[in-house]
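To start, the structure itself, in structure tokens.
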Amino acid sequence: MEGSTSLVSSTRNRGYCHPDDHSHGRPRFEPYVDPKEALFKVQKGEWYQGLLTVSRHSRNEAYVMCDTLDKDIFILGEHDRNRAFHGDTVIVELVDVDTLWNKKMKQKQVNPDNKPKYGGKVVCIPSSTRHQTTGLLAPQEGRYAIFKPNQKQMPLVAIHTKNAPTDFISNTQKYESTLLVAKITHWPIDSSIPFGVITRQLGPIGNIFAETQGILADYSIKDQPFGTKALKGLPEVPWSIKESDINHRRDLRSARIFTIDPLTAKDLDDAVHITKLDDGDFEVGVHIADVSHFVHQNTALDQEAQDRGTSTYLCDRVIPMLPPLLCEELCSLNPGVERLAFSVIWKMDSTGNIKDTWFGKTVIKSCAKLAYEDAQCVIEKKGLPTTVKVKEFAVSEVEQDIEYLYQLSKHMRGRRFENGALSINSIKLNFELNELGEPCNISIYEQKDANRLIEEFMLCANMSVAHKIASHYPDEALLRRHSPPHEKSLNEFIKIAQGLGYELDGSSAGSLQASFNAIDNENVRTVLLLLAVKPMQRAKYFCTGSVDDDLYRHYALNIPLYTHFTSPIRRFADVIVHRQLYAALSDKASSGYKQGAVEEVAAHCNDRKEKAGRAQDASIQLYLAHYLHLQKKPILCKAIITHVLKDAIEILVTDYGLEKRIYMDSLPIERFVYDGEKNTISAFWKEDVTEYEVVEDDVSNTLYSDQDVDDDVASKVVIQIPDNITRENVTQSDKRMQLFQTFDKVDVRIEVNVTKSPPIVQLFLHNPFTKSP
């Protein structure tokens with residue numbers, strides 16, 4: 001290959017050779033470029049750096065998300081991916097996208113509308129991450145065994161038998177159902193697959209503990225105790241606030257401050273207060289745990305927290321970012337004890353407009369720990385439950401504060417949506433565990449006004465801090481942005497609305513929200529808002545000096561500047577923002593972090609937040625599968641068609657949030673007819689088919705929401721579709737015809753196979769022309 005030869009030649013002339021590029025046979029890939037040269041070309045704008053995502057549906061396709069381009073870079077084939085793994089940060093050279101697309105069209109039938117704007121190939125992987133993955137080990141002839149990862153986006157791995165369990169050869173049957181963890185050590189340029197070693201045995205497939213350990217390994221979640229060096233950075237106990245610390249802070253210990261959190265929360269990192277002033281205005285404060293007082297920059301504890309990046313919320317437990325002494329005690333704003341805080345205090349008018357803002361370090365003493373349910377009782381005029389304990393203040397005073405905060409939050413929220421913010425409410429599925437740690441019950445948790453009250457003031461604090469640090473450090477501030485939705489997914493969503501007779505304008509968050517507001521049917525509007533979660537991209541941290549100003553915006557919030565300040569106990573990005581804010585208040589020339597360091601922290605926090613979210617999703621899927629399996633019988637239920645395409649339908653089992661795209665060619669039908677004008681499919685079933693036909697083995701859950709609201713419980717976003725907008729499915733027995741249209745109800749059967757890892761939830765579509773069991 002001519003391009004390959006020149007690259008080999010130029011690389012060798014420079015004297016650089018990546019360890020994996022030493023070849024003993026014919027190279028299958030191009031050699032890596034020297035990272036220094038590659039990064040130099042990125043800085044010049046000739047090459048591009050970003051996060052690589054391998055398609056779940058085809059390992060032959062991947063995309064690279066790059067901050068400096070308006071669209072993702074499409075990468076076709078293993079050769080052009082050049083040994084990069086899913087989740088790697090890679091450097092890409094652009095190639096002719098027409099050539100790439102023509103190559104893809106020769107491989108399979110594609111929709112011309114899906115042609116990418118950019119095509120590329122990986123030329124460098126600047127960081128030397130060694131991946132680990134969970135799966136099964138299968139024997140082969142010769143000295144190597146093949147490791148088959150559970151994750152579809154990971155390749156097969158060659159394991160030398162000397163790097164396998166000692167009894168692997170003599171007891172291969174045992175390992176057919178034993179979960180193992182493999183660490184990938186290298187991927188030579190002349191090998192089609194990487195090589196690795198087995199590092200751990202987790203246990204049998206189907207064991208929840210073993211499967212959970214596998215999830216943590218797949219997403220590199222650190223579940224080990226904190227290191228000795230890190231723990232040495234903790235203060236000695238018993239600990240109390242020094243007088244010298246109080247002297248340099250605003251003393252708010254006599255203020256009526258309280259927390260509102262989920263019922264089971266242990267790490268209370270935010271508190272609020274409100275005081276009505278003589279002129280009719282209000283003083284409103286948001287007080288955040290001063291984690292940076294305990295976690296000093298460039299210490300072992302700081303490095304440990306940065307490595308973890310975020311707390312991870314699983315169905316059975318929380319894996320914390322900070323040691324329990326900090327996150328549950330010294331930093332947690334527990335009631336009745338003095339705590340150090342970093343506060344944002346506003347003067348607001350009676351409708352929540354900000355007149356003045358003060359930032360600073362404080363010392364506080366919370367008077368009450370309230371649950372959202374407690375605050376909701378006040379909002380519903382029922383008063384605080386008698387179980388709530390209020391210290392040093394009257395219960396009625398706290399109730400009045402909640403009412404004041406609620407009234408302000410309603411005005412603030414209304415203004416945000418009038419100004420073009422996008423409102424997407426999530427309904428969540430929660431699991432109750434028995435004494436054995438097994439899921440024994442499922443409940444629906446829906447956000448109410450109390451949740452939205454706290455959300456409003458946390459958003460306001462984050463926005464205020466973002467403006468402060470961005471104005472003081474225009475090249476170093478750590479902010480958070482949210483890009484517009486994926487165009488393809490957004491267009492598909494708009495088609496769903498069109499099928500219901502509603503025209504949506506997706507040109508901006510404001511126009512989309514205005515379209516929603518114009519829908520008279522509240523139930524239809526609610527469903528479309530929930531379905532709008534799907535096309536949304538994930539929000540990302542970034543360094544202000546590394547991204548063009550016009551890319552700073554947060555799409556869903558429809559604001560120019562945003563950051564994360566309010567959860568430093570469980571997000572490392574917030575710790576950095578605290579330090580930058582304190583440096584700005586101290587009028588320091590530098591935030592304490594150079595631009596390059598902020599870029600690295602942003603990329604790392606994005607990676608850790610993404611993986612923690614995926615681990616949470618996987619944990620929920622695992623527990624849902626086991627819950628369904630423990631029902632001991634097939635589950636018969638209704639599914640609702642949420643989308644009709646030219647050759648497929650998408651169905652949703654609302655009880656469990658299970659979603660699936662069903663292609664017509666996967667069903668035992670003689671033919672089908674798509675009506676583009678009515679957006680319906682008429683399917684004509686074959687005679688004498690089995691009662692149920694399997695749709696696919698893999699049921700997906702794509703309703704993960706990444707809105708910028710703190711989420712401190714492992715819960716699953718689900719959609720509830722009201723009965724009064726669904727309809728019974730139309731059939732014609734004489735023609736064995738079933739009509740598929742949006743919001744039709746169809747019968748399905750759910751079965752679970754826990755002998756596979758991860759467990760497989762199967763959906764079987766009922767043939768309406770056979771008898772029910």
Side-chain angles (χ1 to χ4, degrees), residues 56-57 429 492 495-496 499-500 527 531 534 621 624-625 627-629 631-675 678-703 718-721 723 725-754 756 758-773:
R56 281 178 50 86
H57 305 291
L429 202 64
E492 286 185 358
K495 285 182 181 178
I496 294 176
L500 295 171
V527 171
L531 290 173
K534 291 175 56 182
Q621 279 295 91
L624 176 60
Y627 171 79
L628 296 173
H629 176 69
Q631 306 310 300
K632 302 296 183 185
K633 59 182 179 180
I635 296 172
L636 306 177
C637 58
K638 294 286 187 180
I640 296 172
I641 298 172
T642 58
H643 193 187
V644 177
L645 297 92
K646 292 180 180 179
D647 59 350
I649 60 173
E650 289 185 353
I651 65 172
L652 176 71
V653 181
T654 57
D655 290 347
Y656 308 112
L658 299 175
E659 187 186 30
K660 194 63 204 175
R661 177 174 290 186
I662 305 171
Y663 289 94
M664 292 296 107
D665 60 11
S666 71
L667 297 174
I669 58 177
E670 293 176 347
R671 61 189 176 92
F672 71 93
V673 178
Y674 173 70
D675 186 330
K678 297 180 179 178
N679 197 37
T680 62
I681 289 179
S682 300
F684 297 85
W685 290 77
K686 293 179 181 178
E687 283 188 284
D688 302 323
V689 294
T690 55
E691 182 177 3
Y692 288 86
E693 286 294 324
V694 66
V695 174
E696 271 188 50
D697 282 348
D698 183 25
V699 176
S700 64
N701 281 280
T702 58
L703 301 180
V718 297
I719 290 179
Q720 295 292 298
I721 298 182
D723 288 338
I725 66 169
T726 62
R727 56 196 163 216
E728 295 301 324
N729 193 223
V730 176
T731 60
Q732 291 184 12
S733 299
D734 57 332
K735 297 180 180 179
R736 297 188 307 282
M737 188 278 292
Q738 183 175 16
L739 183 68
F740 297 123
Q741 52 189 339
T742 304
F743 290 159
D744 273 6
K745 296 178 183 177
V746 292
D747 294 316
V748 296
R749 176 164 59 99
I750 302 173
E751 289 190 7
V752 180
N753 182 355
V754 296
K756 300 290 185 181
I760 295 175
V761 178
Q762 294 176 303
L763 277 184
F764 294 82
L765 185 64
H766 177 51
N767 176 359
F769 305 108
T770 60
K771 294 180 180 180
S772 298

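Quick caveat, the model's predicted, so the values are computed rather than measured.
Taking both residues in full, the closest heavy atoms of Met664 and Ala683 are given as SD-CB, 4.4 Å, listed atom of the first, atom of the second, then distance. Closest heavy-atom contact between Gln631 and Tyr627: NE2-O, 2.7 Å. Here the closest non-hydrogen pair linking Thr731 and Gln738 is CG2-CG, 4.1 Å. Of all heavy-atom pairs between Val748 and Leu763, the closest is CG2-CD2, 4.3 Å.
No side-chain heavy atom of Val673 sits under 4.5 Å from any side-chain heavy atom of Ile681. For the pair Leu645 and Arg661, the minimum side-chain heavy-atom distance is below 4.5 Å. Contact of the Asp675 side chain with the Ser682 side chain is not registered, since no non-hydrogen atoms from C-beta on lie closer than 4.5 Å. Residues Ile662 and Phe740 have side chains not in contact (no heavy-atom distance under 4.5 Å, counting atoms from C-beta outward). Phe672 is not listed as a side-chain neighbour of Leu667, based on a closest heavy-atom distance of 4.5 Å or more. Side-chain contact check for Asn767 versus Pro668: every heavy-atom pair is 4.5 Å or farther apart.
Every residue two or more places apart in sequence or in another chain that forms a side chain to side chain donor-acceptor pair (under 3.5 Å) with Asn753 is listed here: Thr755. With sequence neighbours excluded, no residue forms a salt bridge (charged side-chain N to carboxylate O under 4.0 Å, His left out) with Glu687. The side chain to side chain contact (heavy atoms under 4.5 Å, CB included) search around Lys646 returns Tyr674, not counting sequence neighbours. Under the salt bridge (charged side-chain N to carboxylate O under 4.0 Å, His left out) criterion, Lys756 pairs with no residue, sequence neighbours left out. In terms of the side chain to side chain contact (heavy atoms under 4.5 Å, CB included) criterion, residue partners of Ala625 (sequence neighbours excluded) are, by chain and number, Val752, Pro759, Val761.
A distance of 5.0 Å separates CD of Glu650 from OG1 of Thr642, quoted to the nearest 0.5 Å. To the nearest 0.5 Å, atom CG of residue Asn679 and atom OG1 of residue Thr742 are 5.5 Å apart. From Leu658, atom CG reaches atom CG of Leu652 across 8.0 Å, with rounding to the nearest 0.5 Å. If you take CG on Asp744 and CD1 on Ile649, they are separated by 9.0 Å, rounding to the nearest 0.5 Å. The distance from atom CG of Leu739 to atom CE of Met737, rounded to the nearest 0.5 Å, is 5.5 Å. Expressed to the nearest 0.5 Å, how far CD of Glu659 lies from CD1 of Ile651 amounts to 9.5 Å.
Between Lys686 and Glu670 there is no salt bridge, since no side-chain nitrogen of the basic residue lies less than 4.0 Å from a carboxylate oxygen of the acidic one.
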